[in-house]
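Shown next, in structure tokens, is the structure this report addresses.
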There are 2 protein chains.
Amino acid sequence: MALQFASDFLGRPYAGDNTSALAEAATDVELCTFTRPQLEVLLRAYPGLQQQLMQRVLKDLDFAREWMVLLGRKTAEERVASFILLCLEKQRNVACHAAPSKSGERLELPLSRTDIADYLGITLETVARKLRQLSDDGVIAIHTGRFVSVLDAERLRARSASD
Amino acid sequence: MALQFASDFLGRPYAGDNTSALAEAATDVELCTFTRPQLEVLLRAYPGLQQQLMQRVLKDLDFAREWMVLLGRKTAEERVASFILLCLEKQRNVACHAAPSKSGERLELPLSRTDIADYLGITLETVARKLRQLSDDGVIAIHTGRFVSVLDAERLRARSASD
DNA sequence: CGATACCTTGAACTAATTCAATTAAGGTGG
DNA sequence: CCACCTTAATTGAATTAGTTCAAGGTATCG
């Protein structure tokens, strides 16, 4: 339902015990955890923190709604292209702030084909086929493992949008 | 991207001026509006309010992710059934708390076929066809305008889930 | 080197779309 | 209150994007 990247926050502050969040690691991860009371103490002590958390959650909400557009309207190719661009953007964030992402850079898709398909609302076979097609067209290159290279980011972006 | 019902909140507190939210009324609406500074004053004055707002936003987020499952995995019939159930639930909330929603009760779908289709990620023709099918099967009845009746809520629920 | 999990590719099939033609509903002015 | 007009909804037939099912292929790890 949601894909979390490095530095993302996962949890339900102020929620009663009726809330359950389930997460599954797709790669090795390093977690920084707080108990709910701990976090609530921090939120009370630092008012700015509460606002920042709110902004984070609102950003997640905006992202989820954007993703709904993908799931409701985009074609399989647009979905796959969007996913690659998402990974590219996220990788750039952790690697080095404001690195301009030179063309052909090695990029890891941090999910199996099955998980990508799930996340994009299509089948794993379709993911494989559309990746192949993008590769045939010279927009990306597919390496071994879960690695790809974006050869033509501009063209990839063009093929990720539905309008 | 989101369908708001009576008592729902729309807005981005703490957001800079770069945020824009666009809303379109599908029916007549009555709005209660605050300027962002006004709201922020209230949030500071009443700490409980901030938590309540957070809970609302988190609930929106959960709902959005639930909807993503609908958009990513459900068939057209399941989507239409889910939408009717959503309207039923929302209508019950405003009408009379804890009214048990007797069978055959008149229910308004507050959107045009086009808007329903958009919201469900299918075409308006498919919406019409699936409504027809549910009607033929005696699960719902279609009235004039945007009104329907749920004749068999249990069966409708069964046809709204994908697993 | 063999085994297991993952990925790719092909061919047949199907759910939903698209395009086109009716039909029904709502609103307006006479 | 009724014809008229405009917009919305339904229905049908043909098409298609994506799925499903099945068979190979490739990587990785003990």
Side-chain angles (χ1 to χ4, degrees), chain A residues 24-28 69-84 87 106-137 139-149 159-163, chain B residues 24-28 69-84 87 106-137 139-149 159-163:
Chain A
E24 189 180 342
T27 63
D28 290 344
V69 173
L70 177 145
L71 293 170
R73 290 261 160 281
K74 291 196 179 180
T75 64
E77 183 176 274
E78 288 162 355
R79 294 176 198 214
V80 171
S82 299
F83 180 72
I84 298 170
C87 294
R106 211 174 158 71
L107 167 67
E108 181 170 17
L109 306 180
L111 299 179
S112 69
R113 294 286 185 269
T114 303
D115 289 340
I116 295 173
D118 258 8
Y119 190 51
L120 296 178
I122 53 182
T123 59
L124 71 166
E125 291 96 332
T126 302
V127 173
R129 277 188 258 267
K130 295 304 172 181
L131 281 173
R132 182 81 213 294
Q133 198 173 314
L134 287 169
S135 166
D136 283 350
D137 296 353
V139 179
I140 63 169
I142 301 174
H143 306 307
T144 185
R146 294 169 178 183
F147 290 90
V148 299
S149 293
R159 294 173 82 156
S160 73
S162 53
D163 43 28
Chain B
E24 189 179 343
T27 64
D28 290 345
V69 174
L70 178 145
L71 292 170
R73 289 262 161 281
K74 290 194 179 182
T75 65
E77 182 176 276
E78 288 163 354
R79 293 176 199 215
V80 171
S82 298
F83 180 71
I84 298 170
C87 293
R106 211 174 157 71
L107 167 67
E108 181 171 16
L109 306 180
L111 298 178
S112 69
R113 293 287 185 270
T114 304
D115 290 341
I116 294 173
D118 258 8
Y119 190 52
L120 297 178
I122 51 182
T123 60
L124 69 166
E125 292 96 329
T126 301
V127 173
R129 278 189 257 267
K130 295 305 174 181
L131 282 173
R132 183 82 212 296
Q133 200 173 313
L134 288 169
S135 167
D136 283 351
D137 295 354
V139 179
I140 63 169
I142 301 174
H143 307 305
T144 184
R146 294 169 178 183
F147 291 90
V148 298
S149 294
R159 294 173 81 158
S160 74
S162 53
D163 43 26

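Each chain gets a letter, A, B and so on, in the order the sequences are listed, and its residues count up from 1.
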Would you say a side-chain N or O of R132(B) is under 4.0 Å from OP1 or OP2 of dT10(D)?
-> no
Euclidean distance, atom CD of residue Q133(A) to atom C1' of dC7(C) [Å, nearest integer] = 17 Å
Given side chains that start at C-beta, do those of F83(A) and L111(A) come closer than 4.5 Å, heavy atoms only?
-> yes
In whole Å, what is the span from the CZ atom of R113(A) to the C1' atom of dC6(C)?
-> 9 Å
Measure from CG on L111(B) to P on dA9(D) and round the result to the nearest Å.
-> 10 Å
Please state whether the base of dT18(C) and the side chain of R129(B) form at least one donor-acceptor pair under 3.5 Å?
-> yes
OP1 or OP2 of dA17(D) less than 4.0 angstrom from a side-chain nitrogen or oxygen of T75(A), does that happen here?
-> no
Check every atom of dT10(D), dT8(C), dT20(D) against the side chain of T123(A) and return the nucleotide holding the closest atom.
-> dT20(D)
Quickly work out the E125(A) CD to dC6(C) P distance and round it to whole Å.
-> 14 Å
Considering only heavy atoms from C-beta outward, does the side chain of V148(A) approach that of L134(A) to under 4.5 Å?
-> no
Qualifying residue, where the test is side-chain hydrogen bond (donor to acceptor under 3.5 Å, both in side chains) with S82(B) and the options are K74(B), E77(B), R159(B) | K74(B)
Comparing T114(B) and R79(A) on DNA chain D - which has the more 5′ nearest nucleotide | T114(B)
How close or far is atom P of dA9(D) from atom CG of L109(B), stated in whole angstroms?
-> 10 Å
Over how many whole Å does the gap from D115(A) atom CG to dA5(C) atom C1' extend?
-> 13 Å
If you look at every strand shown and take non-hydrogen atoms under 4.0 Å, does I122(B) touch a base, only sugar-phosphate, or nothing?
-> sugar-phosphate
For I116(B) and dA9(D), give me the distance from atom CD1 to atom P, rounded to whole Å.
-> 8 Å
If we only count heavy atoms from C-beta on, is the K130(B) to I122(B) side-chain gap below 4.5 Å?
-> no
Between D118(B) and R73(A), is any pair of side-chain heavy atoms under 4.5 Å apart?
-> yes
Of the candidate nucleotides dG18(D), dT19(D), dT10(D), which contains the atom at the shortest distance from the side chain of A76(A)?
-> dG18(D)
For atom NZ of K74(B) and atom C1' of dG18(D), their distance in whole Å = 20 Å
Using a cut-off of less than 4.0 Å, is there contact between a side-chain N or O of T126(A) and OP1 or OP2 of dG18(D)?
-> no
